[in-house]
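Here is the structure we will look at.
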Amino acid sequence: MMDLFLSNTLSGKKERFVPIQEGKVSFYLCGVTVYDVCHIGHARAYVAFDTIRRYLTHLGYQVKFIQNFTDIDDKIIKKANEVDLPVNDITSKYIEAYFNDMRALNIKDATAYPHATHYVSQMIEIIEKLIDKGHAYVAGGDVCFSVPSFKDYGKLSKKILEDLIAGSRVDISHSKQNPMDFVLWKSAKPGEPSWPSPWGDGRPGWHIECSAMVLHELGETIDIHAGGADLVFPHHENEIAQSECLTGKPLAKYWLHNGFVTIQSEKMSKSLKNIISIQEILKRVSGDVLRFYLLKAHYKTPLHFSYEGLEEAQNAYQRLVDTIKNNPESNHSQLPEESIQKEVVDLEAKFHKAMCDDFNSAEAIGYLFELTKIINSTGHFHNILKNSGQLLGLFSQSILEDDVFSKEVLQLVEDRAKAKAQKEFAKSDTIRNQLIEVHGVTIEDTPSGSRLKRIRRTTAS
RNA sequence: GGCGGCGUAGCCAAGUGGUAAGGCCGAGGUCUGCAAAACCUCUAUCCCCAGUUCGAAUCUGGGCGCCGCCUCCA
């Protein structure tokens, strides 16, 4: 097996991947808080880690991939109040929307999708233990985690506790002993969803759910814990604090974080009203194209989203797809000369080397284009392109299937062929224009007959 | 203020010491009745300055510009 290297936020370095248990990978990905539809930022994160998960599987690892749903939270309650619906209706609606979006992006299902609300008793158990160990304290109906009680606090985000307090914008809550302390258990206000606990009715704080689900689904120390760059602090830092104070063991060996999607160099945010949902994108391009667009850049670098970029991706991706479709494997004709065969083997090796170098899909895709030239020149090796792309979650079967055209279109094609055969070129050209303008179909003449292609429109704006 | 990241052709984007992948767009060519597709050719010395080195986009120092985190956030 080729050595795999990945960027670990914890060490700040690229490290060789060595799983805790040979041949197996325990992988936890922070999922969505289900109070709204997913946007491009979500798409990027989930495409990135889906690709990583697929590649680990390709390398032969048995990957247990867990992704949670945060289905209890302030924002959900707020949303429920706004639209005057029960919390459950909100969460089930957006969970369904989540799966629709992910299917469009060809994201594989996780091994399991634990819901926070199903782990409340486990969270209470953890909180009790943290209180016993002196890492948490009861303050009214709340329970807070004592940040100064964990000497390694800040090791993931490289923050120094004193600096955090000095520049703190956190409300100095009366119940907190230290401004950096965070809530493990929140007492319920009237009308809010709540669960009974030793500290009265209430609900869990945000971070504790992941600690509980990681522990119960995967164990005390896992191989990979992943999420968006914005989760490094405070979410993952707090998870580490809770879990490591509880078990005395490292929570995760490797921490992976994807870079942000920005719009016109600004982070997407509700206040700037520049959030673009996945559904919005899918009105313009297929999920495959969006996936390709995201994979064209390395997952850790910032990505400046633009419709122009999306259009470019559409054109580039179409070329790859056409190359596969136009060059069906022919097993009777002779293979090209050895130097070309060697080049192909070489490109395939480079593809995998790039993927093993912190999942550099951008570089890897570059080799696919070089391969494309060889395929179009020789008519061979289309399977290598197809299989490599499919490792990245591209070229799903439906994309590679032939377009279906109406009888009307097929009749026009036949008419054009007849006109051409009789050298009535004015007529054949008229029909061709009609196909393009009226039916959105282009026609390509090849030695073995005409090839039809549906025009994919992407509107830049 | 603290921490982190980024600045490579018109645009997108790889490349972390050995002389700039790849894509989109554009130009010219081959093929074609003409096209389309495909193929071929062409388009950068890497934000600026100084330094280390036989050699730097890549390392060091100093600038300039942009962004993120430090508050909910993929």
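Just so we're on the same page: letters track the sequence lines, and every chain starts at 1. Only this structure's heavy atoms are used, side chains among them; waters, hydrogens and symmetry mates stay out.
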### Test: A:D288 and A:R291 ion pair at under 4.0 Å
no

### Message
Could you tell me how far apart A:D445 (CG) and B:A37 (P) are, to the nearest whole angstrom?
### Response
13 Å

### Summary
Comparing nearest nucleotides in RNA chain B, the 5'-proximal residue of the pair A:G41, A:N326 is A:N326

#### Entry: Nearest-Å distance once atom C1' is located in both B:C66 and B:U30
45 Å

### Task
Round to the nearest Å and state the distance from A:R416 atom CZ to B:A35 atom P.
13 Å

#### Entry: Counter-base of B:C46, judged by Watson-Crick or G-U geometry with both distances under 3.5 Å
none

### Task
Inspect the contact between A:K267 and A:D230 and indicate whether a charged nitrogen and a carboxylate oxygen are less than 4.0 angstrom apart.
no

### Query
In Watson-Crick or G-U wobble terms, both distances under 3.5 Å, what is the partner of B:G1?
B:C70

### Task
Taking atom C1' in both B:C40 and B:G51, compute the distance separating them and give it to the nearest angstrom.
44 Å

### Task
Would you indicate what A:F260 reaches in the nucleic acid, counting non-hydrogen atoms under 4.0 angstrom: base, sugar-phosphate, or nothing?
base

### Message
Check whether A:N68 reaches the backbone of A:G31 with its side chain - one donor and one acceptor, N or O, closer than 3.5 Å.
### Response
yes

### Residue A:R432, side-chain atoms from C-beta onward, closest of B:C34, B:G23, B:A13
B:C34

### Task
Any strand is fair game: report the nucleotide pairing with B:G65 by Watson-Crick or G-U wobble, both distances under 3.5 Å, or none.
B:C6

### Query
Ignoring hydrogens and angles, are the base of B:G15 and the side chain of A:E363 linked by a donor-acceptor pair under 3.5 Å?
no

## Note on the structure
To the nearest angstrom, the NZ-P distance between A:K453 and B:A35 comes to 17 Å

### Query
Less than 3.5 Å between a donor and an acceptor, one on the side chain of A:K373 and one on the base of B:C39, is that the case here?
no

#### Entry: Side-chain N or O of A:R319 closer than 4.0 Å to phosphate OP1/OP2 of B:A38
yes

### Message
What's A:Y46 touching, base or sugar-phosphate or nothing? Going by heavy atoms closer than 4.0 Å.
### Response
sugar-phosphate

### Query
When the distance from CZ of A:F305 to C1' of B:A13 is rounded to whole Å, what number comes out?
17 Å

### Task
Counting Watson-Crick and G-U wobble pairs only, both distances under 3.5 Å, name the nucleotide matched with B:C39, or none.
B:G29

### Task
Tell me what A:D322 touches on the nucleic acid: a base, only sugar-phosphate, or nothing, going by heavy atoms under 4.0 Å.
nothing

### Query
What distance, rounded to whole Å, do you find between the two P atoms, one in B:U58 and one in B:G7?
11 Å

### Task
Using a cut-off of strictly less than 4.0 Å, decide whether A:N376 has a side-chain nitrogen or oxygen near OP1 or OP2 of B:C39.
yes

### Message
Taking only the P atom of each, what is the distance from B:C54 to B:C11 in whole angstrom?
### Response
37 Å

### Query
Taking a pair as Watson-Crick or G-U wobble with both distances under 3.5 Å, which nucleotide is matched to B:G18?
B:C54

### Query
Would A:E280 and A:K283 pass as an ion pair if we require N to O under 4.0 Å?
yes

### Task
Mind checking A:K158 for me? I need base, sugar-phosphate or nothing, with any heavy atom below 4.0 Å counting as a touch.
sugar-phosphate

### Task
Among A:F359, A:Y254, A:F27, find the one that has a ring-ring contact (aromatic ring centres under 6.0 Å, His included) with A:F17.
A:Y254

#### Entry: Short side-chain N/O contact to B:C25 OP1/OP2 from A:N315, under 4.0 Å
yes

### Query
Ignoring hydrogens and geometry, is there a side-chain-to-backbone donor-acceptor pair from A:T117 to A:D71 under 3.5 Å?
no

### Message
Measuring only the C1' atom in each nucleotide, how far is B:A27 from B:A21? A whole number of Å is fine.
### Response
22 Å

### Message
Rounded to whole Å, how long is the line connecting atom CG of A:L394 with atom P of B:G22?
### Response
20 Å

### Quiz item: A:N360 side-chain donor-acceptor pair to B:G15 base, under 3.5 Å
no

### Query
Which part of the nucleic acid does A:E444 contact within heavy-atom distance under 4.0 Å: base, sugar-phosphate only, or nothing?
base

### Task
Under 4.0 Å between any heavy atoms, over every strand shown, what does A:H298 touch: base, sugar-phosphate, or nothing? Just pick one.
sugar-phosphate

#### Entry: A:E370, nearest nucleotide to its side chain (from B:C34, B:G22, B:G68)
B:G22

### Task
Please confirm whether the backbone N or O of A:S146 pairs with a side-chain atom of A:K176, one donor and one acceptor, at under 3.5 Å?
no

## Note on the structure
Taken to the nearest whole Å, CZ/A:F182 to P/B:C72 is 11 Å

### Query
For A:I263 and B:G68, what is the distance between atoms CD1 and P respectively, to the nearest whole Å?
12 Å

### Query
Which is true for A:G309 with a 4.0 Å heavy-atom rule: it touches a base, it touches only sugar-phosphate, or it touches nothing?
nothing

### Query
When we call it a touch if two heavy atoms are under 4.0 Å apart, what does A:S377 touch: a base, just sugar-phosphate, or nothing?
sugar-phosphate

### Task
Map A:H235 and A:S157 onto RNA chain B by nearest heavy atom, then report which one ends up closer to the 5' terminus.
A:S157

### Task
Describe the nucleic acid contact of A:A316 in one word from base, sugar-phosphate, nothing, applying a heavy-atom distance below 4.0 Å.
sugar-phosphate

### Message
Please give the distance between the C1' atoms of B:C46 and B:A56 as a whole number of Å.
### Response
11 Å

### Task
Return yes if some donor-acceptor pair links the side-chain N/O of A:Y153 with the main-chain N/O of A:N238 below 3.5 Å, else return no.
no

### Task
Would you mind classifying the nucleic acid contact of A:G228 as base, sugar-phosphate or nothing, using non-hydrogen atoms under 4.0 angstrom?
sugar-phosphate

### Task
Answer with base, sugar-phosphate or nothing: what part of the nucleic acid does A:T301 contact at a heavy-atom distance below 4.0 Å?
sugar-phosphate

### Distance in angstrom units between A:L303 CG and B:C67 P, rounded
16 Å

### Query
How is A:K75 classified with respect to the nucleic acid when contacts are heavy atoms under 4.0 Å: base, sugar-phosphate, or nothing?
sugar-phosphate

### Spacing of the C1' atoms in B:A20 and B:U8 (rounded, Å)
8 Å

### Message
Just to be sure I understand the rule, does A:L368 reach a base, reach only the sugar-phosphate, or reach nothing, if contact means heavy atoms closer than 4.0 Å?
### Response
nothing

### Query
With rounding to whole Å, what would you report as the distance between B:G23 and B:A9 at their C1' atoms?
13 Å

### Query
If you take all heavy atoms of A:M123 and A:A212, which pair is closest and at what distance?
CG-CB, 3.6 Å

### Task
For A:F425, answer base if it contacts any base atom (sugar-phosphate contacts may also be present), sugar-phosphate if it contacts only those atoms, and nothing otherwise; contact means non-hydrogen atoms under 4.0 Å.
base

### Closest nucleotide among B:G5, B:G33, B:A14 to the A:P302 side chain
B:G5

